[in-house]
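Lettering of chains follows the sequences in order, A, B, ..., and the numbering in each one begins at 1. It should be emphasised that the depicted structure is a prediction, and the values quoted were computed from it without experimental measurement.
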Amino acid sequence: MGLFSDIYNTVAKFFRPQEEQEGEASKSVATNRLKLVLMQDRTNLTPRILEQMRSELIDLLSRYVELDKELLELNFEQEGDQVALMLSIPVIRAKDEEEIEAAIKAHQEEISEDEECDETESEETEETESEEGETVCESEESDTDETEKISDSEKPKKSKKKNVSTPEEMKSSEGEEVCEEETEEIQG
Amino acid sequence: MTGRVIVITSGKGGVGKTTTSANIGTALAKSGYKVVLIDTDLGLRNLDLLLGLENRIVYTIVDVIEERCKLKQALVKDKKNPNLQLLAAAQTRDKTAVNAEQLKDICDKLKEKNDFVLVDCPAGIEQGFQNAVAGASEAIVVTTPEMSAIRDADRIIGLLATKEEITSTKLLLNRVRPNLIKSNEMMSVDDVVEILEIPLVGIIPEDTGIITSTNKGEPIVNDENALAGKAYRNVAQRILGEEIPFLDLDEPKGFMAKIKNVFAKLKVKV
């Protein structure tokens, strides 16, 4: 009987693909998740930056063709040491010359408007682009992280009241901000 | 003579760095080579326990660096094999008690009189890692077929690639469970090698014998019958430049063919 059931089980295995598929899912889920996370680790592209890259690419390409924004795919593939950025863009409709020229013109106008932008706008652009290092607007240092930036934008309000602090102090660390608050209290 | 300095590292803790260090060191010493094992995990030393030498330690690496003893005095000889010596970590200090230059200096001195200096690296990528790597010219990255361990190993491999002194980085895949691989519930050796893209130096199967050997303070390479012991002896042979086929851990079909392929790649790189 024992031998019989052994043979039965071995034979039955060949006809039971479902069981293996479930297991395979667990392994390949792990492999795929790992590959994605490693690509992010290796390239320093966080999901947020990837999303930004995606939206910038959409902006750029939709000037020339009408594309399906929802189905645009952005992936990394690695072959040996070479990392390739794979972009798959479903095109809905080709734009005609006039449309393209109009879109380019509109974009160029946007750029020139950005260059003449006032300070409040420049701070907004910096918020979104700060992690890339170099930014379009050079009014303030781009390397600061978000927490510092928040304190930066808060500080000018305080300093206006006091009318004492110099721009250097405005950009100083949070530790000094505490000191400023203390002196303010004393003065009050 | 100038010996080889090999750092055994992983990034993640608990994947078997210390077990690997103890076993490769013991196996190399058994083959007649002079070996020094350095435990650089200051404050969390364990290599002495795995070798069963915990009661013999008088001086530690910090005593050598702070010149309370000579380097030779701090080396503890193994019970069975006088070819194997241990330089223990200090248990009462932390990673800041040593810097990279001091550790490199110790490695340089030890390699003059030994064939192998194996540096057991602490987990993490901070000071302890930088110290352990400083004197080494080769690295063995230990990982298990789990996502978190592989991710950390990838990070370590990236960091090692920035070190000019490290000329060879190889992978040791630990705690492999053939049954889980067979049922596709665990990443296979090929999967891991494909992701990490460095040559393989060993595949160690999960073995309950590791637990009992740790209990006794005797590395599993001394157990002729244990599969993990055999796998570690094979690793030592490969470090010595011999071409030893990887153990057949009964993976899905085509496994041996693939492994032979990996091995062929290894040969080309070496």
Side-chain angles (χ1 to χ4, degrees), chain A residues 2-3 5-51 53 73-86 131-133 143 145 147, chain B residues 10-12 15 124-125 141 143-162 169 171 173 175-199 249-255 258 261-262 264-266 268-269:
Chain A
L3 182 71
S5 63
D6 275 356
I7 293 169
Y8 171 76
N9 283 333
T10 328
V11 173
K13 259 186 196 171
F14 286 104
F15 299 99
R16 252 185 277 151
Q18 300 98 328
E19 218 179 290
E20 282 199 14
Q21 270 172 4
E22 272 175 44
E24 193 160 48
S26 139
K27 180 199 105 159
S28 52
V29 165
T31 316
N32 291 336
R33 286 176 61 205
L34 190 61
K35 278 183 180 169
L36 189 69
V37 85
L38 285 183
M39 211 53 84
Q40 290 172 2
D41 288 355
R42 287 170 184 172
T43 54
N44 294 322
L45 291 171
T46 62
R48 207 190 107 206
I49 292 179
L50 271 177
E51 191 44 53
M53 190 158 110
E73 271 181 52
L74 184 60
N75 289 314
F76 286 98
E77 277 174 28
Q78 187 154 25
E79 273 178 44
D81 293 341
Q82 202 76 46
V83 179
L85 189 62
M86 306 302 280
E131 282 197 33
E132 281 195 339
D143 288 0
D145 61 28
T147 48
Chain B
S10 73
K12 190 178 179 297
V15 296
I125 52 173
V141 177
T143 189
T144 63
E146 288 149 324
M147 290 175 66
S148 50
I150 296 170
R151 185 189 196 177
D152 293 357
D154 187 71
R155 189 94 167 80
I156 285 292
I157 291 165
L159 290 172
L160 288 169
T162 65
T169 302
L171 184 69
L173 192 57
R175 308 190 70 167
V176 172
R177 296 167 71 173
N179 288 341
L180 288 186
I181 293 175
K182 210 171 180 181
S183 61
N184 281 320
E185 286 164 282
M186 182 179 254
M187 269 180 248
S188 71
V189 178
D190 291 334
D191 291 332
V192 181
V193 171
E194 191 201 316
I195 288 171
L196 293 177
E197 297 181 306
I198 60 170
L249 296 176
D250 196 25
E251 280 196 45
K253 59 176 179 175
F255 168 69
K258 285 177 186 171
N261 195 16
V262 170
K265 276 186 209 162
L266 190 90
V268 172
K269 290 200 178 176

Inset, instruction - Compare every heavy atom of A:R42 with every heavy atom of B:D154, then report the nearest pair and how far apart it is. - result: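 That would be OD1-NH2, 2.5 Å.
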
Inset, instruction - State, to 0.1 Å, how close A:K27 and B:N184 come at their nearest heavy-atom pair, and which atoms those are. - result: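 Heavy atoms of A:K27 and B:N184 come nearest at CB-O, 2.9 Å.
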
Inset, instruction - Please round to the nearest 0.5 Å and tell me the distance separating atom CE of B:M147 and atom CG of A:N32. - result: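 Answer for the CE-CG pair, B:M147 versus A:N32, is 9.5 Å.
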
Inset, instruction - May I ask you to test the A:L34-B:M187 pair for a side-chain heavy-atom distance under 4.5 Å? - result: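 Yes; the side chains approach each other to less than 4.5 Å.
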
Legend entry - Side-chain heavy-atom pair A:K35, B:E194 within 4.5 angstrom cut-off: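 SC-SC contact between A:K35 and B:E194 confirmed.
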
